[in-house]
Amino acid sequence: TQLLEQSPQFLSIQEGENLTVYCNSSSVFSSLQWYRQEPGEGPVLLVTVVTGGEVKKLKRLTFQFGDARKDSSLHITAAQPGDTGLYLCAGVMDSGYSTLTFGKGTMLLVSP
Amino acid sequence: DTAVSQTPKYLVTQMGNDKSIKCEQNLGHDTMYWYKQDSKKFLKIMFSYNNKELIINETVPNRFSPKSPDKAHLNLHINSLELGDSAVYFCASSQDPFETYEQYFGPGTRLTVT
């Protein structure tokens, strides 16, 4: 059973379009992170959200944590080719010595 | 100034061989991890070390043995390599395992077992 479900799995769009990627779970997370991974590289942290209902913006990227802390979304406005990559959400379920649980990722391809 | 570095970047070897991957972080973090990313890009934790002590050991075959000589280094040794071990292995570190677990990943080691 996959704790974190990401959708869509793959997204191919044209430069300038808007898009939203979703990360859903039936479990409650104390915090949730979004990473972007480019080919041949390791994932790079984009943002961490910890409060239900929290919204964070990073230039053209808007991240939202669901009120019940079970889901999150990533919205990209006016996508650019440089946004191309694998977007991963990851959540922390418990405090103490716990681990991040990763979703399977959304592969985004932005064409010029 | 590479924060988390891994060597080698690529590793091609035959079944049955033993190999090691090295990882170093210069961020001063207390916790280090090994992850495995399969061909479908699913990232799964294997091990976690805090201040040289093993704190998480997921269901990984005992052919995989991590070693942490100090808190800046976490190496992964793999015995009797199998075809299914082919994957990209990522080392990561984080400042505080009790908080948000924000991970800083290395560039990965692509292991191919033939």
Side-chain angles (χ1 to χ4, degrees), chain A residues 1-11 21 23 29-52 54 56 58 63 65 69 72 84-109, chain B residues 2-10 21 23-25 27 29-51 53-60 87-111:
Chain A
T1 304
Q2 181 66 23
L3 286 174
L4 278 171
E5 297 286 347
Q6 285 190 243
S7 60
Q9 291 184 12
F10 183 77
L11 193 54
V21 174
C23 177
F29 290 90
S30 59
S31 66
L32 197 138
Q33 302 164 23
W34 285 92
Y35 293 80
R36 179 169 63 213
Q37 183 179 12
E38 298 185 11
E41 302 293 332
V44 175
L45 179 69
L46 296 174
V47 77
T48 300
V49 286
V50 296
T51 305
E54 182 176 5
K56 281 192 174 179
L58 184 65
F63 305 86
F65 202 11
R69 291 184 287 126
S72 181
T84 293
L86 178 69
Y87 288 82
L88 296 160
C89 68
V92 179
M93 292 186 67
D94 300 302
S95 59
Y97 281 131
S98 186
T99 60
L100 276 181
T101 299
F102 279 84
K104 290 191 174 183
T106 293
M107 185 64 218
L108 172 65
L109 175 63
Chain B
T2 304
V4 182
S5 59
Q6 293 178 232
T7 54
K9 176 75 171 173
Y10 300 96
I21 307 172
C23 177
E24 177 181 2
Q25 55 97 1
L27 297 167
H29 288 168
D30 290 335
T31 306
M32 296 185 71
Y33 309 81
W34 277 110
Y35 287 87
K36 179 180 180 180
Q37 188 172 46
D38 60 24
S39 58
K40 296 184 178 180
K41 303 297 184 183
F42 182 48
L43 200 61
K44 187 172 182 182
I45 191 166
M46 300 173 68
F47 302 101
S48 173
Y49 268 75
N50 180 259
N51 276 320
E53 290 188 18
L54 179 67
I55 56 173
I56 291 171
N57 181 352
E58 294 294 317
T59 52
V60 177
V88 181
Y89 292 84
F90 287 100
C91 177
S93 71
S94 67
Q95 175 62 27
D96 188 339
F98 294 97
E99 297 293 332
T100 58
Y101 302 82
E102 294 177 349
Q103 311 275 288
Y104 292 79
F105 284 88
T109 296
R110 181 174 292 278
L111 172 64

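Values in this document were obtained by computation on a predicted structure and should not be read as measured data. Order of the sequence lines sets the chain letters (A, B, ...), proteins ahead of strands, with each chain counted from 1. For the numbers below, each heavy atom of this structure counts, side chains included, while hydrogens, waters and symmetry mates do not.
There is no contact between B:Y104 and chain A, counting heavy-atom distances below 4.5 Å. In this structure, chain A has a heavy atom under 4.5 Å from the side chain of B:K9, while its backbone stays farther away. With a threshold of 4.5 angstrom between heavy atoms, B:L43 approaches chain A through its backbone and through its side chain.
Of the possible donor and acceptor atoms, none in the side chain of B:Q25 sits under 3.5 Å from a partner among the backbone N and O of B:M32.
Among residues two or more places apart in sequence or in another chain, the side-chain hydrogen bond (donor to acceptor under 3.5 Å, both in side chains) test is passed with B:Q37 by A:Q37.
Ring orientation note: the planes of B:F105 and B:F90 are nearly perpendicular, at an angle over 60° on the 30°/60° scale. The aromatic rings of A:F102 and A:Y35 sit tilted relative to each other, their planes meeting at an angle between 30° and 60°.
Ranked by non-hydrogen atom pairs under 4.5 Å with chain B, the options A:G105, A:G91, A:G42 are led by A:G42.
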